[in-house]
Q: 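Got a structure here, written out as structure tokens. Questions coming.
Quick note on labels: first sequence line is chain A, next is B, and so on, each numbered from 1.
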Protein chains: 2
Amino acid sequence: MSAPSAPSASSDGTTESAPLPSPSPPARGRRAPRVSGDERERAILATAEELLQTRALHEISVDDLAKGAGISRPTFYFYFGSKEAVLLTLLDRMVEEANVLRVAALAAAPPEPAARWRAAIAAFHDAFAAHRAVALAAAGARASSPDVRDLWARVMEGWVQETTDAIEAERARGAAPDTVPARHLAVTLNWMNERVLHTTFAGESPAVPAAQVVDALVATWLGAIYAGAVPPA
Amino acid sequence: MSAPSAPSASSDGTTESAPLPSPSPPARGRRAPRVSGDERERAILATAEELLQTRALHEISVDDLAKGAGISRPTFYFYFGSKEAVLLTLLDRMVEEANVLRVAALAAAPPEPAARWRAAIAAFHDAFAAHRAVALAAAGARASSPDVRDLWARVMEGWVQETTDAIEAERARGAAPDTVPARHLAVTLNWMNERVLHTTFAGESPAVPAAQVVDALVATWLGAIYAGAVPPA
DNA sequence: CGGCGCACTCGACAGGGTGTTGACAACGCC
DNA sequence: GGCGTTGTCAACACCCTGTCGAGTGCGCCG
């Protein structure tokens, strides 16, 4: 189904730590659920998501995370290789949820093209909104962490691919004009969503009011996909 | 003229250090051009831009900057309050150049709407391309430096304003439909440009090939601005 | 049942980065 | 020829990261 190639945390309750781009040498030993181990891991994750509500990742020290989870700093390193690895796990979960939301939204949407485009965009928006702290932190960490950057790139690639297919389907049935390559359009539109949602949730300056951001995005998508792109002289 | 409210380094040759959002307590004393002082400052700036070609800002230490400029670390702090302040100055210059480019491009463009939109977008692209290292570093530093974030927000606000005015002019003459508020469209389109150009120059994953990125952006702008946004059922 | 080993924990360290302090040198100028 | 301003740096205090090695308690196998 939808998730193209993003690593997935196996979806049973206990969030068994997934492979991920491999948190480097100081990996885990996790296998015998001695109980307390997984609890600690969850405590670290929860602390991280909580602290991210109010501070950026670079303002959070490993010690903060450790203290929040009731352990010492060295013990933190038993569970995660770095605070970026924690964020990566959080991001991975969010992506998982986003894909679930997306599939559900598309399944529930009526067949008209406009409604389907809107449903997909709204799903993207909702996933972002539900974990905005994680999403914003991940965006910030993309600059410094190759793992975060790669994971996000894979996620975007999946969405771009789906978008490209959908545009091509519309073109095939003659509903949309064949202007710029569908993939290029898909790339620009998906990055636009990411960036605009980011600014909106971050409360940065030129932002679209939160209540209308989906409208603005949908309008732009529809215009770009269905217009002949020839402005009147 | 064009530059809306971005702080401007007074444009004579010697780049007299502009106010900027004030690099905090350890400010300058700069006023008597004792020669060697400004030279050092320029050396730091040059070193920074050079090092940014190959490494991200967080991989560059103040010591690297100081050594590159032939001074010691404490002396660096005589000139700039932090490495972020250096980046801020570099960014300020780039913005200055971008605005010059933009005005020139619009002045030289033919009167047809399509050509004018393309000229403005291409100017944005060229400014970015000319100092991509600075632009990419600034994007990364937005997460950690409020000054960088604010400067960039002001710059975007200026462009958004110009775009909004242009869209409204088109609507006023009946050339473009009155769908979503012009400003919302302007915001989404400008952030789209920023993000897509970023991915392209950074060589990140789902990117439009550099040669066609301006085409893709222009197509999206024209579609979004001139289309009625009503896809065929 | 007693000892082996694994899962887990942390005190203490090494190393690297930042920003500041205070002493000091050179220069122009009054 | 003394004085402020500009510029310079060694040394310091501090914070943060990641690692090492010495434990501790528990299950399990012999």
Q: What's the CZ-C1' distance between B/Arg40 and D/dG7, to the nearest Å?
A: 9 Å
Q: Output the rounded distance in Å from CD (A/Glu84) to C1' (D/dC16).
A: 12 Å
Q: Would you tell me if any nitrogen or oxygen in the side chain of B/Lys83 comes within less than 4.0 Å of OP1 or OP2 on C/dG17?
A: no
Q: Near DNA chain D, under 4.0 Å by heavy atom, which residues of residues 64-74 of chain A?
A: A/Arg73, A/Pro74
Q: List for me each residue that meets ring pair (Phe, Tyr, Trp, His ring centres under 6.0 Å) alongside B/His198, sequence neighbours excluded, and say none if there are none.
A: none
Q: Could you list all the side chain to side chain donor-acceptor pair (under 3.5 Å) pairs where at least one residue sits in residues 47-57 of chain B, not counting sequence neighbours?
A: B/Glu49-B/His131, B/Arg55-B/Asp64
Q: Can you tell me if A/Asn99 and A/Trp159 form a side-chain donor-acceptor pair at under 3.5 Å?
A: yes
Q: With salt bridge (charged side-chain N to carboxylate O under 4.0 Å, His left out) as the rule and sequence neighbours excluded, what pairs involving residues 124-146 of chain B come up?
A: B/Arg142-B/Glu194
Q: Once you round it to whole Å, what is the distance between P of C/dG19 and CZ of B/Phe80?
A: 14 Å
Q: Return the set of residues passing side-chain contact (heavy atoms from CB on, under 4.5 Å) with B/Ser205 (not counting sequence neighbours), or none when no residue passes.
A: A/Ala153
Q: Provide, to the nearest angstrom, the distance between the CG atom belonging to B/Asp63 and the P atom belonging to C/dG15.
A: 17 Å
Q: In whole Å, I'd like the distance from the NE2 atom of A/His58 to the P atom of C/dT18.
A: 15 Å
Q: With sequence neighbours excluded, what pairs up with B/Trp221 under the ring pair (Phe, Tyr, Trp, His ring centres under 6.0 Å) test?
A: B/Trp117
Q: Round to the nearest Å and state the distance from B/Phe76 atom CZ to D/dA10 atom P.
A: 17 Å
Q: Between the side chains of B/Trp152 and B/Asp147, does any donor sit under 3.5 Å from an acceptor?
A: no
Q: The side chain of B/Tyr77 is closest to which nucleotide in this list: C/dT18, D/dT19, C/dC8?
A: C/dT18
Q: Can you check the A/Glu59 CD to D/dC16 C1' distance for me, whole Å?
A: 14 Å
Q: Roughly, in whole Å, what's the span from OH in A/Tyr79 to C1' in D/dG18?
A: 18 Å
Q: What contact category does B/Thr75 fall into here, base, sugar-phosphate, or nothing, at under 4.0 angstrom with non-hydrogen atoms?
A: base
Q: Nearest to the B/Phe78 side chain among D/dC16, C/dG19, D/dG7, which nucleotide is it?
A: D/dG7
